[in-house]
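A quick write-up on the structure given underneath.
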Amino acid sequence: MITNTELEYKGNLYPNQIVDFSQDVDKLYFTSENGVVLQITVLRNSALRFRYATEYNFEPDFSYAISEKGIRGYDKLVVSETKTEYLLETIRMKILVDKKTMRIQISDPEGNIINEDEIGFHWEENYEYGGNTVKMSKITQTGESFYGLGDKAMHSNLKGKRVSNWVTDQYAYGKDQDPLYKAVPFYVGLTENKAYGIFFDNTFKTHFDFAHERRNTTSFWADGGEMNYYFIYGPDVSKVVRLYTDLTGKPELPPLWALGFQQSKWSYFPESNVKEIAKKFRDLNIPCDAIYLDIDYMDGFRCFTWDKTKFPDPKRMISELEEDGFKTVVMIDPGIKVDRDYWVYQEAMENDYFCKRGDGPYMNGKVWPGKCNFPDFTNPEVRQWWAELYKEFMTELGVHAVWNDMNEPAVMEVPSKTAPLDTRHYYEGNPTTHRKAHNIYGMQMVRATYNGVKKHSYPKRPFVITRAAYSGTQRYACTWTGDNVATWEHLWLANVQMQRMCMSGYSFVGSDIGGFAEQPNGELFARWIQLGIFHPFCRVHSSGDHGDQEPWSFDSGVTDVVRKFIELRYQLLPYLYTMFYEYSNNGIAMLKSLVMFDQEDPQTHFRTDEFIFGHQILVCPIQEPNAQGRRMYVPRGNWYNFWTDELIKGGREMWVDADIDSIPLFVKEGAMIPKYPVQQYVGEKDIDQLRIEVYYKNGIENSTVYEDGQDGYDYTKGRYSLRNFKLQGKPAQLSIQQYKDGTFVTDYETIEFKFHGLSFEIGGIEIDSEKVSLEDVKYGEDLSIQVSKNFTVLRVLGK
Ligand code: GLC
């Protein structure tokens, strides 16, 4: 235990005796003799906010991260007091505030400690910049594990690590390199089967130490700003993530095509090359929904312009691609070329929209076009202007979606890789420097882009992608993990990065499949596709300065494997779309690390490779060359091998075969997995039948299928179709109950059920208590039946 004397010696200050307490409805104020004010706000039964002021002064209360739509409200708040402490009680938590030290201890209603301050809040005055370096330290419990923190290219369990959050353009990053492109100062702690989350909503550079420096201490601190953190209690990991996502916001549903396969390169040009790539997809029957234009479509890298020698008539090209089922996605960067003859530059200059340095000159930085200025996206007027810049692209030219890149902002040829720290920002009327605005700069850029694309694509749904992000950016955009490398290690990393992002409230995420830098061989590419089709955002992208990276760039064996897996993704679209619906509606992570799936099983706490896609599909990528399979951990419960239908019992490690055309894939028993037919792009075919793969279970399992118009906003008016299924299997019987919600009428009239692992031979079928003949349901040898879609109870009986 560190003593206060030692702390003083190190230049730290800390609160002393509490001399005043007051309550204002949901807010409690504790004031120490030396001027520290602790404000605790009760947000929900399981969510609290802690803020600490020094010298009695809170900063203006403002956050870019917190969503206005988050749920608030609690059932009970009782405050009592003893000689030594205050006690706050909600129906889910007990919070003790020590009168002498202001230290906090949080326990569940039964008194089991969930989280406890070590020194608690302390701070150092920052003489160089002014303000404080604010710090918090917590006691690390024995056996405690840590997860989350956005995009960290390291083992999913952060115990023993020290990391920082400072969004950084990290070309060809390596394992354990930190920080990367995103700042998500949120982590999940798990101890004694109880999980909690801490979100340190501070946009300065933040640091987290998980029992790295001192074995029994977890601490976090920031280079400025306030000690301002949210505490969320589970006890389930999944609930912590759900509440954090609710707090920082959920995205709207994307258009369904955005979940299709997408092909990108730096860069496809001229038009003939783009067309050629698109045609090849169709010729080879490899499904694809979108093609990307990287910076070279622009005139001298000037955003919102076209190089007319490469793309003489973008409008015609985009519409021709669209006729062939391709959406066109274009890149927009934040750096605006300093060029007096360039209209975007002129407009920004006329309106004073560019960021300036501390003493007044413009902030200049070199990016692709050479010397650039950077719009101050922390000014709402600038965001509005930026949003309008998309008008011509979306409405006249028919561009379908936009990716924002380099929005850390990335600046070339300077050691910091970004804007100078004295750069000024408006920050919604609280002017500040880049030290505070850096981590949210890209977020505010993509927010402006999202607003513009949304407005000008209406009544279609917007699809926007960003590289830089801070907590809450998931409300606006999909994201990718930046410039990775074509190595096996990066395949391992991609898997961990996607899981961690999902654990951090940011599920709409993917990697550059195959690797951005360097050239994958066919085997690595195929293995990466096999993983990538299970990531919410599924896109091949590469730097293009080496060989090609299209599905046909390797040998025909690889092309066949790639086609097979992209086809599987298209078949699984209704399952994936349902996952997105649950994310968008309820904040449920789309990919679940095993610890989120079954935290009671300590085996899961350190697993990195296996994950659950949605609720019911277990995936484990092959991460080595020349593999014919691998050992993997199958979580508890019974699972069907997707390829063989073999039923296995989990809770153990086992060898699973997976030659180059396979990936270890299991379906949870009882699951009902919806499938569409293979399409070359979303909307190619009318879906005249929904197929549901039914995996028999002796017991109960619930499944859901969400569908709607696949684009547009009708779903917000109730025009969606939500099928909730309850499967119940007995030794010689299987019943499926359907409860349907929403008014959307699907095109198909029948559902085809295909049974796997039935423990009996089918002798009869009953639909809504009426016996129907096996012919009527087209009972086939392959154990499938066709049933009118609006049934309530389907009973499959044994002979
Ligand atoms: C950055 C991006 C990459 C893009 C390149 C050129 O490196 O991360 O995706 O292709 O810039 O625009």
Side-chain angles (χ1 to χ4, degrees), residues 151 153 167-174 177 179-182 262-269 273-274 277 290-307 310-311 328-337 365-370 372 374 399 401-414 417-418 441-443 445-446 449 463-469 473 477-486 490 493-494 497-498 501 509-520 528 532 535 537-550:
D151 193 10
V167 299
T168 306
D169 174 12
Q170 208 65 272
Y171 172 79
Y173 52 90
Q177 190 166 352
L180 303 182
Y181 305 85
K182 307 189 172 53
Q262 322 198 13
Q263 180 71 37
S264 181
K265 180 175 121 169
W266 176 19
S267 300
Y268 290 128
F269 70 83
N273 179 233
V274 178
I277 297 292
I291 192 139
Y292 280 62
L293 301 183
D294 204 319
I295 44 173
D296 296 284
Y297 79 89
M298 302 175 196
D299 173 18
F301 307 121
R302 291 171 187 81
C303 290
F304 305 102
T305 68
W306 291 79
D307 179 336
K310 296 179 187 133
F311 296 95
T328 305
V329 187
V330 303
M331 172 174 277
I332 290 288
D333 289 343
I336 297 302
K337 188 177 173 69
K366 193 179 163 223
V367 209
W368 309 117
C372 286
F374 295 80
V399 166
V402 176
W403 53 320
N404 283 166
D405 186 26
M406 307 293 273
N407 53 349
E408 291 72 26
V411 175
M412 293 166 175
E413 293 171 17
V414 290
K417 298 183 178 188
T418 194
Y441 182 84
M443 174 193 197
M445 177 199 185
V446 77
T449 298
F463 177 45
V464 173
I465 304 154
T466 181
R467 191 171 72 175
T473 310
C478 164
T479 191
W480 87 103
T481 48
D483 298 341
N484 59 1
V485 188
H490 263 272
L493 279 176
Q497 287 174 285
M498 293 329 120
M501 285 294 284
V509 60
S511 68
D512 282 354
I513 295 177
F516 177 76
E518 297 175 24
Q519 175 73 359
W528 208 318
H535 288 160
F537 177 46
C538 178
R539 181 187 71 157
V540 169
H541 181 55
S542 67
S543 66
D545 54 3
H546 43 72
D548 292 333
Q549 209 158 300
E550 287 91 36

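Counting starts at 1 for both ligands and their atoms, in listed order.
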Could you list the atoms of ligand 1 found under 4.0 angstrom from a heavy atom of Trp403? 9 (O)

Is a side-chain N or O of Tyr292 found less than 3.5 angstrom from the main chain of Met331, in a donor-acceptor match? no

Whether the side chain of Asn484 engages the backbone of Phe516 through a donor-acceptor N/O pair (distance < 3.5 Å, no angle test) should be reported. yes

Nearest-contact summary for atom 9 (O) of ligand 1 - protein heavy atom, Å: His541 NE2, 2.9 Å

Proximal atoms of ligand 1 relative to Arg467 (non-hydrogen, under 4.0 Å): 1 (C), 2 (C), 7 (O), 8 (O)

Does Met406 form a side-chain contact (heavy atoms from CB on, under 4.5 Å) with Asp169? I'd like the steps, not just the answer. CA-CA 7 Å; Met406 307 293 273; Asp169 174 12; 4.3 Å; yes

Heavy-atom proximity to atom 7 (O) of ligand 1 ranks first, among Ile465, Asp483, Asp169, Thr481, for Asp483

Using a strict 4.0 Å cut-off to heavy atoms of Trp480, name the atoms of ligand 1 that fall inside it. 8 (O), 9 (O)

Contacting atoms of ligand 1, where contact means under 4.0 angstrom from a heavy atom of Asp294: 4 (C), 6 (C), 10 (O), 12 (O)

Atoms of ligand 1, numbered as shown, that sit under 4.0 Å from any heavy atom of Ile295: 6 (C), 12 (O)

Check whether any side-chain N or O of Thr418 sits under 3.5 Å from a backbone N or O of Pro409 as a donor-acceptor pair, and report yes or no. yes

Nearest neighbour in protein (non-hydrogen) for atom 11 (O) of ligand 1: Asp405 OD2, 2.9 Å

Can you check whether Asp512's main-chain N or O pairs, donor with acceptor, with His541's side chain at less than 3.5 Å? no

Just by distance, do the side chain of Gln519 and the backbone of Asp545 share a donor-acceptor pair under 3.5 Å? no

Checking Thr481 against Leu180 for the side-chain contact (heavy atoms from CB on, under 4.5 Å) test, could you report, in this order, the C-alpha distance in whole Å, the side-chain angles of both residues, the deciding distance, and whether it holds? CA-CA 9 Å; Thr481 48; Leu180 303 182; over 6 Å; no

What part of Phe516, side chain, backbone, both or neither, has a heavy atom within less than 4.0 angstrom of ligand 1? side chain

Met331 heavy atoms within 4.0 Å reach ligand 1 at atoms 12 (O)

So which bit of Tyr181 gets within less than 4.0 Å of ligand 1, heavy atoms only: side chain, backbone, both or neither? neither

Taking the side chain as C-beta and beyond, is there a heavy-atom pair between Thr473 and Lys182 under 4.5 Å? no

